[in-house]
Amino acid sequence: MAHFYNEPSHTFSEYLLIPGYTSEDCIPSNVSLRTPLTKYRKGIEEPAITLNIPMVSAIMQSVSNDSLAIALAKEGGLSFIFGSQSIESEAAMVAKVKNHKAGFVVSASNLTPENTLADVLALKGKNGFSTVAITADGTATGKLLGIVTSRDYRVSRMEADEQVKNFMTPLEKLITAPADTSLKEANDIIWEHKLNSLPIIDENGNLMYFVFRKDYASHKNNPQELLDSEKRYLVGAGINTRDYAERVPALLEAGADVLCIDSSEGYTCWQAKTIAWIREKYGDSVKVGAGNVVDRDGFLFLARAGADFIKVGIGGGSICITRETKGIGRGQATALIEVAQARDEYFRETGIYVPICSDGGIVHDYHMTLALAMGADFMMLGRYFARFDESPTPKVMVNGAYMKEYWGEGSNRARNWQRYDLGGSAKLTFEEGVDSYVTYAGPLHDNVEASLYKVKSTMCNCGVTNIPDLQRDAKLTLVSSTSIVEGGYHDVTLRSSSTSK
């Protein structure tokens, strides 16, 4: 007969943390949220990729594009660019993130001297950049003839058809630097001459890069930035189990630092085959996560298949209806606890620590701390990030309140059939996600800062200042339905002014 679990599966909301001893050192400013993203031999080596905060964004059309990836990398987290798009467009998004801040930045806005003010304004409106390189052929690496910034024109006093050559700052009036200029030297030149940007040109006068003053300031304002060895933002990319042979090489060429198989259920031969192909072609140099699983068997299957990290959770996302339509899944807390035990068991047997990612089920900020305490090394968040300015969806007014559009990859809108592929026909037979709105919440930086301050504060209440200690020392208790009610305000009448504080 079928196997039955005697214990019911539980969600995060059914648990509370028990406070531990808080010493003088347990203050939020002393808390480190650094955590491994990829597998490693714990105690012997460092992970190939470490996150500065335990947050990654979900592989979703309505969440993870290049703008959100840049914003999250500034905070110390990482985005996985959604894979339910063409290979070319996903690779282009990855490239935009890698080129956004490299210290030396490939010019993203380029025109010729024969272009017009209208072209300048259209280009600025399209990509938001105010510095336009003017090259002989209008490319990012053409012979540099000048630049145009917002200081070079006045829209109210100029005609739209005025040619760029008549108002650009010409090359002879620019301060430039040669190809062998170091980043420190470039920044010194910028500060010495009070420049906003410094063009780097080769011996033939061709533009190579820009170094921007704002990038230096940005790094100072974002000390947690997640950067590679060339000081470029780290970025991940989603792949599927169908076109990986074409998609993976294109994403790697674009600069993707880590890949993740995007699937609603990962305990499959298709994921093992995808990982095996990557290992055969690239060895261990390419990092790839897999999932999703909800029990020990699923974790061990993917760990043995060679996954660099494993996602945990089925049916717990706010827009996911997999449990409702298919009757599979597990309460996120119970799934995470069992998989964490399997991860530790695998580490004891092999010496290899495979990080696990809690994906789904996080509604409140305190759920993040619970997820970490239950064993998650980091969290994948969809609804959370979909609310912010930097997510790809429009901000709309719904019933007098600003909202952001948010839809599941299994919805009819996304039609990401590859995510639910079981080797059958190439179509979405039925929906496993919904199309919805989430309340607009403003800029990513402010919200992430507030959420993680709560996480750090709670960790201090538990007497720990890092995630491994939280996983080891946390004390958790199941709560009854009555004590859940007791946890909120009750038996009082709120003053109207209190609700706004």
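Reckoned from all heavy atoms, side chains included, excluding hydrogens, waters and symmetry mates. Computed from a prediction, not measured in an experiment: that's the story for all the values here.
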Ser391/Tyr406 under side-chain hydrogen bond (donor to acceptor under 3.5 Å, both in side chains): CA gap, chis, key distance, verdict: CA-CA 10 Å; Ser391 74; Tyr406 179 48; over 6 Å; no
Asn292 (side chain) donor-acceptor with Gly313 (main chain) under 3.5 angstrom: yes
Main-chain N/O of Asp295 paired with Arg330 side-chain donor or acceptor, under 3.5 Å: no
Heavy-atom check, side chain of Leu476 versus side chain of Leu17, under 4.5 Å: yes
Parallel, tilted or perpendicular: ring planes of Tyr267 versus Phe301, cut at 30 and 60 degrees: tilted
Glu46 versus Tyr40, side-chain donor and acceptor atoms under 3.5 Å: no
Aromatic ring pairing Phe12/His367, orientation class (parallel under 30°, perpendicular over 60°, tilted between): tilted
Sidechain-backbone polar pair: Asp377 side chain, Ile356 backbone, donor-acceptor under 3.5 Å: yes
Donor-acceptor pair, side chain of Asn65 and main chain of Leu68, under 3.5 angstrom: yes
Working for side-chain hydrogen bond (donor to acceptor under 3.5 Å, both in side chains), residues Thr139 and Asn110: CA-CA 6 Å; Thr139 68; Asn110 311 284; over 6 Å; no
Quiz item: cation-pi between Arg387 and Tyr384, 6.0 Å / 45°: yes
Any donor-acceptor pair under 3.5 Å from Thr477 side chain to Leu16 backbone: no
Parallel, tilted or perpendicular: ring planes of Tyr440 versus Tyr402, cut at 30 and 60 degrees: perpendicular
N/O donor-acceptor pair under 3.5 Å between Asp308 side chain and Val288 backbone: yes
Ser57 vs Ser64, side-chain hydrogen bond (donor to acceptor under 3.5 Å, both in side chains): CA-CA, chis, key distance, verdict: CA-CA 6 Å; Ser57 66; Ser64 295; 2.6 Å; yes
Heavy-atom check, side chain of Cys260 versus side chain of Phe309, under 4.5 Å: yes
Donor-acceptor contact below 3.5 Å, side chain Asn466 vs main chain Asp469: yes
Test item: Asn447 and Phe385 side chains (from C-beta on) under 4.5 Å apart, heavy atoms: no
Short side-chain to backbone donor-acceptor contact, Glu14 and Thr11, under 3.5 Å: yes
Distance-only side-chain donor-acceptor flag, Thr334 / Tyr5, under 3.5 Å: no
Donor-acceptor pair, side chain of Arg232 and main chain of Val97, under 3.5 angstrom: no
Expected output: side-chain Gln332 to main-chain Val312 donor-acceptor under 3.5 Å: yes
